[in-house]
Structure formats: C-alpha cells, structure tokens
Amino acid sequence: MADYLQILGVLVALVLALYYYLGSSFDYWKSRGVVGPKPIPIFGNIKDVLLRKISMGDYVTQLYNEYNNENMIGIFARANPAVILRDMDLIKDVLIKDFSTFDDRGMVVLDKANPMSMNLFNLEAERWRPLRMRLSPVFTSGKLKDMFPLILECAEHLEQCLDKIAEKSEPMNCNETAARYTTDVIGSCAFGINMNALENERSEFRRIGRKIFDQDFKSAVLHTIQETAPRLYSLLSYVLPPSELSTFMTKVVSDTIKYREENNVVRPDFINMLMELKKHPDKLENIDLTDTLLTAQAFVFFAAGFETSSTTIGHALYEMALNPTIQDKLRRELRESSAKNNGNLTYNVVKEMKYLDNVFKETLRKYPPGTLLQRQCNSNYTFSGTKVTITKGSRVIIPLYAIQKDPNVYQNPDVFDPERFNGDAVAARHPMSFLPFGDGPRNCIGARFAIYQTKLGLIKMLQNFRVDVCEKTVIPYVNNPTTRVLAPIGGIHLKISKVQK
C-alpha cells in the first residue's frame, strides 16, 4: 500500500510541476501592465481555437472588440506570450518603420520533417531576405503583362465552363468553380503546365489543391504537434510516410525542370526563375540552395496563388447575389469597357475599371482570406509612446480582420459598399486600416498577380452571367472555424444564368 501511495505522490508531484511549468510565464503581461484574458495552463488563451470551436481570427476579433479602450492586448498561445495590437500607429511601426526588428513571422520551419515549410512565407529572415530579392522580378508589372494573355486564356475557358453550368440550371459551387479556374491559371503562369482543372473535375492538381487546405482531424493534430512540439514532430517524420503533397510537388517541379533543360524551353514564369537560381547558387549567399528549397517556393506559390484568389472570387459573387443593384452597376462598367475597347481585354483595360477595383477591395475588406498578420521580434523592443517592452522572440498579432470590421474605422461594416474605396474616402482613413496583402517589406509578393487573376475571373463571370441566391445559399454568412482561409460553413452556392447582351 505504501508503494502505491509513493507512486501516487510522485505522479501528483509531476502533475503539479508540469502545471507550474506551463503556467510559470503567465505573469508576463501583468508585470508589463498589459491587460488581457486570464490564461489557463497547457492552453493559454486559445483552448477553443485548438479544439476547433472558433477560428483564431474570430477569437482575436472578439478580444479586439472586448478591450476596445486599449491599444494592445496580451494573450498566451499555450505558454507563449503574444500581443494583439489595436493601435494602427503601432502596427505601422511593426510592419514598416521598425521592420528590421520584426522581419520574421515566427513560423515553425522544419527542413527535414516538413520540407514544404521552407517556403518564402514561413522562412526566417536570414533565408527569406535573399530569396525574396531574387524572386521578386517574377512579380513585376512588366512580367505580369507578359503573363496576362495566359491568364486571359484561362478566364475564357472559365466562361465556357459557366455556359455549361448555366444550361443545367443547377446551383453553382462558387468556390469550387473559382478554384478550378485559379488552379489552371497557376499551372499555366507558374509551371507552364495545363492542369486541366476546369475541364476535368477530377484533375490531379485540383485534388492536391483541396488536400492542402482541407483541415481534417489528422492534419489538424499533426499541425498542432508541429507548432507545439517541433522535436516530437521531427521524430514522428521518421515513422510516418512522406507527405503526399511534398512527394507530388517535388515530382512536378523536378520533371518540369528536366523537360525544359532537355528541350531548351524558356518561359517568363516562376519555374524559369527557379531554374536561374539553380544555375547561379552563388547569388544566394549563405543559403544551401537544395532542390527541396526550390520546390518549397513552387509549393507556396501554387497553394497561396489558387486558394486566396478563388475564395475572393467566391465572396465577391456572394455579395453580388445579395446586392443585385451593385451587380448591375458593375456589369454596366464591364460592358461599357468592352464596347469602348472593341471587346479587347488587356492589362491596361482592366486597370482602368474603377468600379471593379472598388468591388474587389470591398470584398477583401469584408472577407480577407487571411484574418491575421503575425510578426516575431528579433530583439527586445519597446513600443513607441508606451512603457511596454517585449522580449526577444515574443510575437505580435495584427488583427486585420477585426480592424476591417471595426465600425469606428468603417461605418456599418457589415454593409457591402464599394464606394468606401473612392479616392477621398481612402485618403481619410489610416493607411493601416486595409491590410489584406499585408504591408512593408514582408507584404504579399504575389499581390499584383492575385489582383489580375481575380479581376479577370470576375469579368468573365459577371459580364455575360448573372448570379442570384438560391435554395442552397447560406444566409446569414457564418465563418467556418476549421478552414485555413476565411470561408463560410456550407460553402457558397448560387444560381447562375446567362444574361442577354
């Protein structure tokens, strides 16, 4: 009996020790005079996020609204301190003025256990900086003009696909249709491959695309382990089979490069830039330029390029169906532009469509694909105008979704109003009040590309077609807590019909 009591005593002591250890840093914000919700051991403040009851973006928005008189809010992601900034001047300091202190996103990068994590979005500053500099030329306006005919070709295929859907008189899954279009665009512009997602619903590339963003229970658990216990995740990688995503993308990139090298194929695209880097590794000092590192860059361009744009198209269509007057006004602009330019669509013609630009921006205001920005400081830092100093390694959360839904920034934020992005209205707002692509040196490298593939998709979906709500349309819109990008529970389904010219 005594032995059992001793064992029980040891177990209790271990549990208490673990409890103390996991909660030992919980005076971090209190000692700095920063308010915030009370954390609990093991979970910190994000228990419901980890249990997939609420998305991190929605949780941060709740805190943003609850602590509406504060310029910052202190929370704990498990045992790790993070500060949510409400003050837009402080946000500007982090993203731009003091970027050299916040040049890291604080993402977990595991070169061997998760090779695709070594991408430009995740990479620590040491590897991110030279890679960003070498990859940026792919996304200049000049290169985009070269790619424009390729995007337009995919958009014309989208229009043909919509004709078939309209003939069936069945509800259209907007996100799925848009994702098949953007998958084809990425395939053509980045890889020089016909991914055939619009023609073939069972396209292998579309299947892989779904797999990247479908957060089933297994992938959610593995992601949590990777974030909380990277060493354990690395050990598990010796037992678990290689990721299908990693294997698939590695083969696609290596086969494409091999074919181009053997046949002297040169295209103004992302793969060509990776090939140039491979030929001249000396241009990237202090970086081991492996095939895996190159593949990881192709992976993130594929993943981010199709999903963020397709969700934006889906959300724009949703609002057009809910607001037919706005839809009609946009269609008038599209048709007037077509008549003025003899039906020709060019880079500059799209750029001149002001109301389309307003609709696009208002869609991103109300439905940003990524609801948060995250930065990690590389040294101790004191926020300007405060006595609050955070230590090296602390994380900063920028609640862009909450800001873009703040009635003090955007009056009646739940109303879809493209006029918010007329010149005078934009000039009257703080520059940090609209951040769907981030800001500063570490903003979205593919923003221009995303803008044009999204706008061309919307032109082809709305110039000669009309979208309306139907029996499958989910109203009101409720955020799905399990998706990686902002999306509604139940998806977006609308009726689409041909409009007479």
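Quick note: numbers below take in every heavy atom, side chains included, and nothing from hydrogens, waters or symmetry partners. The structure displayed is predicted, hence computed values, not measured ones.
No salt bridge links K258 with E261; every basic N to acidic carboxylate O contact stays at or beyond 4.0 Å. A salt bridge is absent between D103 and R442: the closest approach of a Lys/Arg side-chain nitrogen to an acidic carboxylate oxygen does not fall below 4.0 angstrom. Taking the charged nitrogens against the carboxylate oxygens, R260 and D269 do have a contact shorter than 4.0 Å, which makes a salt bridge. The existence of a salt bridge linking K92 and D439 is excluded, since no basic side-chain nitrogen approaches an acidic carboxylate oxygen closer than 4.0 Å. A salt bridge links R127 and E124; the closest N-O separation between the charged side-chain nitrogens and carboxylate oxygens is under 4.0 Å.
The closest donor-acceptor contact from the side chain of N122 to the backbone of S117 lies under 3.5 Å. Judged by distance alone, the side chain of Q374 and the main-chain N or O of R105 form a donor-acceptor pair under 3.5 Å. Between the Y318 side chain and the V474 main chain, a donor and an acceptor come within less than 3.5 Å of each other. Judged by distance alone, with hydrogens and angles left aside, the side-chain atoms of R32 form a donor-acceptor pair with the main-chain N or O of Y28 at under 3.5 Å. With R206 contributing its side chain and L198 its backbone, the two residues share no donor-acceptor pair below 3.5 Å. The closest donor-acceptor contact from the side chain of R86 to the backbone of Y64 lies under 3.5 Å. N378 contributes a side-chain N or O that, together with a main-chain N or O of S100, makes up a donor-acceptor pair within less than 3.5 Å. For the pair D184 (side chain) and N196 (backbone), a donor-acceptor distance under 3.5 Å is present. No donor-acceptor pair closer than 3.5 Å links the side chain of S203 to the backbone N or O of N200. Put simply, the side chain of S246 never gets that close to the backbone of S243: no donor and acceptor are under 3.5 Å apart.
When every heavy atom of S141 is checked against every heavy atom of Y347, the shortest pair comes out as CB-OH, 3.5 Å. The two residues R267 and S188 have their closest heavy-atom pair at NH2-O, 2.6 Å. Looking at every heavy atom in both residues, F449 comes nearest to C189 through CE1-CB, 3.8 Å. The minimum heavy-atom distance between F383 and V94, with the atom names listed, is CE2-CG2, 4.2 Å. Nearest heavy-atom pair across L85 and M72 is CD2-CB, 4.0 Å. Summarising the geometry of A296 relative to M118, their closest heavy-atom pair is CB-O, 3.4 Å, with the distance given to 0.1 Å.
Note that CG of L277 is 5.5 Å distant from CG of L135, once rounded to the nearest 0.5 Å. Remark: Q297 CD to T292 OG1 distance equals 11.0 Å, nearest 0.5 Å. Taken from CD in E159 to NZ in K164, the straight-line distance is 13.0 Å, to the nearest 0.5 Å. The distance from atom CD of E153 to atom CG of N194, rounded to the nearest 0.5 Å, is 8.5 Å. The CD1 atom of I459 sits 9.5 Å away from the OH atom of Y452 when rounded to the nearest 0.5 Å. Rounding to the nearest 0.5 Å gives a distance of 12.5 Å between CG of L345 and NZ of K455.
Side-chain contact between L462 and L317: present, with at least one pair of heavy atoms (C-beta onward) separated by less than 4.5 Å. Two residues are said to be in side-chain contact when any heavy atoms from C-beta on lie closer than 4.5 Å; I165 and T177 meet this criterion. Using a 4.5 Å heavy-atom threshold, the side chains of C377 and I390 count as touching. You'll find the side chain of T312 reaches within 4.5 Å of the side chain of L364, heavy atoms only. Residues V350 and L456 are in side-chain contact: their nearest non-hydrogen atoms beyond the backbone lie under 4.5 Å apart. Looking at Y367 and E319, their side chains come closer than 4.5 Å, going by heavy atoms from C-beta outward. You'll find the side chain of S55 stays beyond 4.5 Å of the side chain of V49, heavy atoms only. No side-chain heavy atom of K405 sits under 4.5 Å from any side-chain heavy atom of T61.
Test F121, F139, F437 against C444 for side-chain contact (heavy atoms from CB on, under 4.5 Å) and you get one pass: F437. Among N358, T363, D357, the one residue that satisfies the side-chain hydrogen bond (donor to acceptor under 3.5 Å, both in side chains) test with K361 is D357. Just one of L373, L372, L435, N479 meets the side-chain contact (heavy atoms from CB on, under 4.5 Å) condition when paired with Y401; it is N479.
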Walk me through it: do E244 and R207 pass the test salt bridge (Lys or Arg N to Asp or Glu O under 4.0 Å)? CA-CA 11 Å; E244 182 187 12; R207 185 184 71 80; 2.4 Å; yes

Apply ring-ring contact (aromatic ring centres under 6.0 Å, His included) to F76 and F43, showing your working. CA-CA 8 Å; F76 293 88; F43 297 106; over 10 Å; no

Before you tell me yes or no, could you show the steps for F421 and F434 under ring-ring contact (aromatic ring centres under 6.0 Å, His included), namely the whole-Å CA-CA distance, both residues' side-chain angles and the distance that decides it to 0.1 Å? CA-CA 10 Å; F421 289 93; F434 183 67; 4.9 Å; yes

Before you tell me yes or no, could you show the steps for N480 and T482 under side-chain hydrogen bond (donor to acceptor under 3.5 Å, both in side chains), namely the whole-Å CA-CA distance, both residues' side-chain angles and the distance that decides it to 0.1 Å? CA-CA 6 Å; N480 189 331; T482 67; 2.8 Å; yes

Taking it one step at a time, do K53 and D58 satisfy salt bridge (Lys or Arg N to Asp or Glu O under 4.0 Å)? CA-CA 10 Å; K53 293 181 178 180; D58 279 340; over 6 Å; no

side-chain contact (heavy atoms from CB on, under 4.5 Å) evaluation trace for L123 with L131: CA-CA 10 Å; L123 280 175; L131 263 177; 3.5 Å; yes

Residues Y381, D98; criterion side-chain contact (heavy atoms from CB on, under 4.5 Å); working and verdict: CA-CA 10 Å; Y381 177 83; D98 296 324; 2.6 Å; yes

For side-chain contact (heavy atoms from CB on, under 4.5 Å), just list the numbers for D104 and R375, CA-CA rounded to whole Å, side-chain angles, deciding distance to a tenth of an Å, and then say yes or no. CA-CA 6 Å; D104 200 324; R375 296 292 186 267; over 6 Å; no

Pair N119-L293, side-chain contact (heavy atoms from CB on, under 4.5 Å): steps then yes or no: CA-CA 7 Å; N119 61 67; L293 183 63; over 6 Å; no

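Side-chain polar atoms of S309 and Y181 form no donor-acceptor pair below 3.5 angstrom. A side-chain donor from one of H430 and D89 sits under 3.5 Å from a side-chain acceptor of the other. For the residue pair H315 and Y477, a side-chain donor N or O sits within less than 3.5 Å of a side-chain acceptor on the partner.
Crowding of E126 atom CD: a count of heavy atoms from other residues, nucleotides or ligands under 6.0 Å not exceeding 12.
Aromatic rings of F306 and F205 (six-membered ring for Trp) have centroids beyond the 6.0 Å cut-off, not under it.
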